[in-house]
Amino acid sequence: MMILKGSEIIMECLLKEGVHVMFGYPGGAILPTYDAMAKYEDRLHHVLVRHEQGASHMADGYARATGEVGVCIATSGPGATNLVTGLATAMMDSSPVLAITGQVPIPAIGSDAFQETDVTGVTLPITKHNYLVTDVRDLAYTMKEAFHIARTGRPGPVLVDVPKDVQNAETEFVYPDSEIVLPGYHPPSSAEEHEIEAALQLIADSKRPIILAGHGILMSGAMSEVRELSERAQIPVSLTLLGKGAMPEDHPLVIGMMGMHGEACSNLAIQEADLLIALGMRFDDRVTGNLKTYALNARKIHIDIDRSEINKNVRADVGIAGDLKTVLTQLLPKLPRHSHLDWIGRIRDWQEDSSERDILNYETPGILLTAQVINDIWRLTGGDAITVTDVGQHQMLEAQYYPHQRPSTLLTSGGLGTMGFGFPAAIGAKFGKPNEEIWAIVGDGGFQMTLCEMATAVQENINVNIAIINNNFLGMVRQWQELFFEKRYQATPMVNPDFCKLADAYGIPNRLVTQRDQIEDAVNFARGIDGPTLIEFVVEKEEMVYPMVPAGADLHDMKRRPKPGEA
Amino acid sequence: MDEAKTENKMTVVALVENEPGVLNRIASLFRRRAFNIDSLTVGRTHRPHISRMTIRVVAGPEYARKIATNLQKLVNVIDVRVLDNEPHVERDLALIKVRNDDADSRNTITEICDRYPARIIDVGPHVAIIEMVGTETIIEEFIEEVRPTGIVEMIRTGVVSMGRGTRIHDTKFINRRALLEAAAKARTGNGRID
Ligand SMILES: Cc1ncc(C[n+]2csc(CCOP(=O)(O)OP(=O)(O)O)c2C)c(N)n1
Ligand SMILES: [Mg+2]
């Protein structure tokens, strides 16, 4: 029989769940748990962040890179509220994160005690589930439940709030080794036979089908099934931002990203298609544009593990709630070969038109463009790095100019669009994938939201390369101001610090790049150092991201870059 | 009389774990998804750890199903049913305090109560309290009849519903700690750390 303190039980549970690293920040109400860490140091590494938001994004980055639960820890009150942005980010992108927070002792709860915040209340709408543990005997199975809920079904963040006296209380430690059975939690898995038949019929009837490949494919591990579906039935594949890596982007049937800054051919194909096969995606407004005119010619097959996503935004003719890999494995044996030569030919024509408009095919003497920087990083890293972006123009340009071949190699805040995500998430990703090359591609604005984590990167000597795309603007907002507010640049120009000097102050090797011919040298310099590095790329201030579907506009109503000579 | 249909209202019934914060989760969900709820009642069942909710919405079946699929996502919500075409009974309870200070109103009220399943459960010199149990429709009819006499205070519990016949809406679930403790005992030592 093993009598342990609550704080030790937390550590034991983390070990039982295969956790090796946690990201956190101490404080009064979580101090007993920090004290217990010493005993577990050799097996459980704690990364001291510089702001709890960083811890939440690191846990999220770890989770996105590995598919495993990422763990962050904070104290009560301000520590816990600092996690909120990261939890909301993880929630929107279905990322399995476990947050452990200290709470004031049970007798003090409700008394406005020092550093008391109703954290389960605050995080209720931004977690998949949360717990306030009021009895140390509940702690072990609560932890087990929390992991189970975070990683199964549609994954998401779970928070466990542990009062200080519960951390100090002792009980017999028994970790339930049986499968967790929750009476009200049954993620769907397979499809009904008639649903499969109905889907096959729609595919057989279709002349202009398109697959909309989302994040769910990566989380279900259904990459090869999707590829087989696409190849066997000759169906072109359009990717959501988070669906990148669902199929290699150099595959001839992959026609690029969809949505607001997607490839024109993807958006046009969706509007002309007679069948959408939506796989693990949720018809977010950034991918549909105006719902009233969205894919009006198309019937819809929608497969998602979250039943409530089906018919939420777009009505499905065949809606299947299930695990993608399971459902596609049911469907594929019955899928005959199809061919759609005319349809694919039509998409090829659109693709040709797009490449004529590609900024990389322009002469741009004397200026450095984000697209060039990103495309050069792609080339120099062999297209094989894990890139973690922040939010803004650089994010969309990374999606356009860094094609990804493998799943989980583009990590980005899609649903919440959280500035400040990129750099800490990259640190988390590196802990999860120590053998991968990691690049944080961040804007000058967003980087300043979480740049304090440079100290964390140095303290851990973590090999993350930071590429700051410095346009001295909150570029994406500036773009909207240029297009929709007559260039009134209200609160978007920035006076920035000298990022290289800043890196010097933290002891991070760095380079400044202002011209295209300096890129290669700087990138190779960063790649050659085993530890954090920083490159500041000073780019054109008023670059635009094209194509663009203005918010709420019809998906085919894109603002395009004029072709050279058209002006 | 078909008790199941009142205007175009839909009824959603949910079995939920009787744990602190569950009602809060459900209320938060309705607010977050901007679901428009007509009434919501929660009450105990014959199982100590299970509560049962009846949710009424003025909407079509599709909206009700949307609410149901979202409710089902909550971990503490065990089972949800939309009482759509299923025959079911429903009851609402109203306490209505009416003016009672002259013979005329006294007579009117007694007369109306005689025609409805309503009882006068408290009488004073100025006001009386009527208890009325029935379907939503019949309670509403009743209220309209007594209204001219002068309603001074009123409360309704909201509708509770139950499907008719042998289609039982129940769960075997007891509570979590009991489940796990039973499992741990059965294992004698298994899963423990030495
Ligand atoms: C936390 C947060 N605040 C505000 C925004 C709104 N926003 C979206 S993009 C953007 C500009 C980002 O600027 P920068 O980081 O420099 O990237 P750029 O667009 O210039 O590449 C802003 C302010 C946001 N997404 N997140
Ligand atoms: Mg910028």
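Residue numbering restarts at 1 for every chain, and letters A, B, ... go by the order of the sequence lines.
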Looking only at B/L29, B/L15, B/V16, B/N70, most heavy-atom pairs under 4.5 Å shared with chain A are made by B/N70
At a heavy-atom distance under 4.5 Å, which candidate from B/E62, B/R65, B/Q72 has the highest pair count against chain A? B/E62
Between chain B and each of A/R315, A/H186, A/K128, A/R154, count heavy-atom pairs under 4.5 Å; write down the option with the most. A/R315
NZ/NE/NH1/NH2 to OD/OE distance under 4.0 Å, A/E170 and A/K5: no
So what's closer than 4.5 Å to chain B heavy atoms on A/N311: side chain, backbone, both or neither? backbone
Considering only heavy atoms, which portion of B/D79 lies under 4.5 Å from any heavy atom of chain A: side chain, backbone, both, or neither? neither
Flag the pair A/R307 / B/K73 as yes when at least one side-chain heavy-atom distance between them is below 4.5 Å, and no otherwise. no
Which portion of B/R32 sits near chain A, non-hydrogen atoms under 4.5 angstrom: side chain
Salt bridge check: are A/D304 and A/R282 linked by an N-O gap of less than 4.0 Å? no
Is there a side-chain contact between A/H302 and A/F283, using heavy atoms and a 4.5 Å cut-off? yes
So do the side chains of A/N130 and A/V160 get within less than 4.5 Å of each other, counting heavy atoms only? no
